[in-house]
Amino acid sequence: MLEIHQHYVLDDTGTPIAIQIPIAQFEALLKLVSDPNQVRLLSEDASWTVEELRQATAIGMRALEDEQYVDYDADGLQDLFDGIKQSGRSQRGIEG
């Protein structure tokens with residue numbers, strides 16, 4: 001079984017906002033999801049198919065390779081969450 005050494009990233013209040021894992025473990029996970037037999041075992045109760053997992057992983061890897069991502073610190077991530085909440089409230093006509 002693959003052992004994952006995760007590190008929780010906390011905001012100023014101590015609330016977990018992200019998880020970091022070593023690159024080697026991330027690459028091992030990618031190999032794992034590329035093996036249809038392993039994916040079937042891992043996702044028996046999941047709604048994603050093997051092909052959907054492959055496509056989602058490929059999209060994510062392409063975005064990383066093309067540097068199409070935003071690296072957030074705790075403050076920036078909180079601002080992002082606040083903006084998402086405000087947008088959702090606005091779309092529903094909720095003030096706040």
Side-chain angles (χ1 to χ4, degrees):
M1 187 68 166
L2 179 63
E3 185 175 337
I4 304 295
H5 299 282
Q6 69 252 13
H7 169 76
Y8 288 88
V9 179
L10 308 176
D11 67 11
D12 295 335
T13 65
T15 303
I17 58 172
I19 296 176
Q20 294 176 326
I21 64 171
I23 290 173
Q25 292 175 357
F26 175 73
E27 291 171 344
L29 285 170
L30 287 178
K31 286 182 184 177
L32 184 67
V33 298
S34 68
D35 179 349
N37 295 319
Q38 292 294 327
V39 173
R40 188 172 21 262
L41 293 174
L42 292 172
S43 64
E44 285 180 355
D45 296 325
S47 60
W48 286 38
T49 66
V50 171
E51 187 56 33
E52 289 170 331
L53 286 171
R54 280 193 184 119
Q55 289 174 359
T57 302
I59 290 168
M61 290 303 296
R62 275 195 304 275
L64 286 172
E65 290 167 0
D66 295 341
E67 296 183 8
Q68 295 177 345
Y69 62 90
V70 177
D71 198 5
Y72 291 99
D73 62 10
D75 293 332
L77 195 55
Q78 188 59 54
D79 291 344
L80 174 67
F81 291 153
D82 291 344
I84 291 169
K85 285 192 285 189
Q86 184 59 42
S87 175
R89 290 177 179 147
S90 294
Q91 290 175 5
R92 289 170 183 74
I94 301 169
E95 290 190 34

Review item, side-chain donor-acceptor pairs of residues 73-81, under 3.5 Å, at least two apart:
residue, atom, partner, partner atom, Å
Asp73, OD1, Asp75, N, 3.2
Asp73, OD1, Gly76, N, 2.6
Gln78, NE2, Asp82, OD1, 3.0

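Cluster annotation: Ile23 and Met61 are assigned to distinct hydrophobic clusters (Ile/Leu/Val/Met/Phe/Trp/Tyr, side-chain heavy-atom contacts under 4.5 Å, transitive). Under the 4.5 Å side-chain contact rule for hydrophobic residues, Ile84 and Ile94 do not share a cluster. Clustering ILVMFWY residues whenever any of their side-chain heavy atoms sit less than 4.5 angstrom apart, transitively, puts Leu29 in the very cluster that holds Tyr8.
Taking CG of Leu53 as the reference point, atom CD of Glu51 lies at 9.5 Å (rounded to 0.5 Å). Ile19 CD1 to His5 NE2: the interatomic distance, rounded to the nearest 0.5 Å, is 14.0 Å. Here the CG-CZ distance, from Leu30 to Arg54, works out to 12.5 Å after rounding to the nearest 0.5 Å.
Side-chain N or O atoms of Ser87 include none that pairs as donor or acceptor with a backbone N or O of Gly83 at under 3.5 Å.
Applying the 6.0 Å contact sphere to CG of Asp66 captures more than 12 heavy atoms from other residues, nucleotides or ligands.
Pro16 pairs in a side chain to side chain contact (heavy atoms under 4.5 Å, CB included) with only one of the listed residues (Val9, Leu10, Asp11), which is Leu10.
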